[in-house]
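Below, all heavy atoms of this structure are taken into account, side chains as well, without hydrogens, waters or symmetry copies.
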Amino acid sequence: MAAAGPGEDDDLLDELRAAVRGAGSPTAAMADAARAAFAWRTVDAELAALTSDSLVDEPAGVRGSSTGPRDLVFEGRGASVEVARDEDCLVGQLVPAAPGQVSLLRPDGEVDRTDVDEFGRFRFERSVSGPARLRCTTPSGVLVTEWVRF
């Protein structure tokens with residue numbers, strides 16, 4: 001197969017531009033299909049299940065509510081995320097420790113992102129309330145926590 005010359009490339013680009021312009025505005029069904037396809041971008045991420053929540057796992061016989069931070073543990077096959085939430089921040093650690101990034105996700109998308117240090121620690125300088133999840137990206141892969149209501 002012979003390589004296309006410079007004029008042929010320009011002709012092909014012109015045809016592609018005309019095809020895109022001729023398609024018109026996307027319909028609601030097209031937009032829904034695009035969103036659904038975009039959601040599949042994390043299909044290979046491992047889901048980390050909530051295995052411990054200090055609000056639920058309070059020892060029997062303890063009176064009153066805990067005034068300390070809320071502690072959560074999410075576990076995947078080869079890694080876990082430990083999180084402590086108090087009134088003005090969310091701190092956590094990846095186990096095993098690995099550098100990377102952690103994204104704070106709400107149902108309408110990512111609201112914050114922070115770096116993870118070499119010890120696996122991260123911190124969000126914001127209060128967190130309502131449904132949220134974390135997406136942890138390290139050199140070994142992506143770990144996404146299940147949704148939890150803070």
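Using a cut-off of 4.0 Å between Lys/Arg side-chain N and Asp/Glu carboxylate O, R17 and E15 are scored as not salt-bridged.
Across G130 and R106, no two heavy atoms sit closer than the pair CA-NH2, 4.0 Å. Heavy atoms only, all atoms of each residue included: P96 and G78 are closest at CD-O, 3.5 Å. Here the shortest heavy-atom pairing between S80 and E75 reads CB-CG, 3.9 Å. Nearest heavy-atom pair across A97 and G120 is CB-N, 3.7 Å.
Neither V144 nor L50 shares a network with the other; the hydrophobic side chains, linked directly or stepwise wherever heavy atoms of I, L, V, M, F, W or Y lie under 4.5 Å apart, form separate groups for each. Linking ILVMFWY side-chain heavy atoms closer than 4.5 Å, directly or via other members, places V91 and F124 in two distinct hydrophobic clusters.
Judged by distance alone, the side chains of E87 and S127 never bring a donor and an acceptor atom under 3.5 Å apart.
Note that CD of E46 is 4.0 Å distant from CZ of R77, once rounded to the nearest 0.5 Å. L105 contributes atom CG, which lies 9.5 Å from atom CZ of R113 (distance to the nearest 0.5 angstrom). Going from atom CZ of R149 over to atom CG of L55 covers 13.0 Å, rounded to the nearest 0.5 Å. Here the straight-line distance linking atom CZ of F74 with atom CG of L143 works out to 10.0 Å at 0.5 Å rounding. Distance CG/L72 to OG1/T51: 9.5 Å, rounded to 0.5 Å. R121 CZ to D115 CG: the interatomic distance, rounded to the nearest 0.5 Å, is 13.0 Å.
The shortest side-chain heavy-atom distance between S54 and R70 falls under the 4.5 Å cut-off. D112 is not listed as a side-chain neighbour of V102, based on a closest heavy-atom distance of 4.5 Å or more. By the 4.5 Å heavy-atom criterion applied to side chains, Q93 and F122 are not counted as neighbours. With contacts defined as side-chain heavy-atom distances shorter than 4.5 Å, the pair V81/V73 does not qualify. Within the 4.5 Å cutoff, the side chain of V116 has no heavy atoms near those of the T138 side chain.
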Does the side-chain contact (heavy atoms from CB on, under 4.5 Å) test come out yes or no for F119 and L94, once each step is laid out?
-> CA-CA 8 Å; F119 303 107; L94 304 180; over 6 Å; no

Output, in order, the C-alpha distance, side-chain angles, deciding distance and verdict of side-chain contact (heavy atoms from CB on, under 4.5 Å) for R123 and E125.
-> CA-CA 6 Å; R123 180 180 186 95; E125 297 288 341; 2.4 Å; yes

Before giving the answer on side-chain contact (heavy atoms from CB on, under 4.5 Å), spell out for T137 and R135 the whole-Å C-alpha distance, their side-chain angles and the decisive distance to 0.1 Å.
-> CA-CA 6 Å; T137 306; R135 181 179 57 234; 4.3 Å; yes

Take D71 and V83, measure what side-chain contact (heavy atoms from CB on, under 4.5 Å) needs, and give me the verdict at the end.
-> CA-CA 6 Å; D71 297 318; V83 180; over 6 Å; no

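Checking side-chain atoms of S103 against main-chain N and O of E110 turns up no donor-acceptor pair under 3.5 Å.
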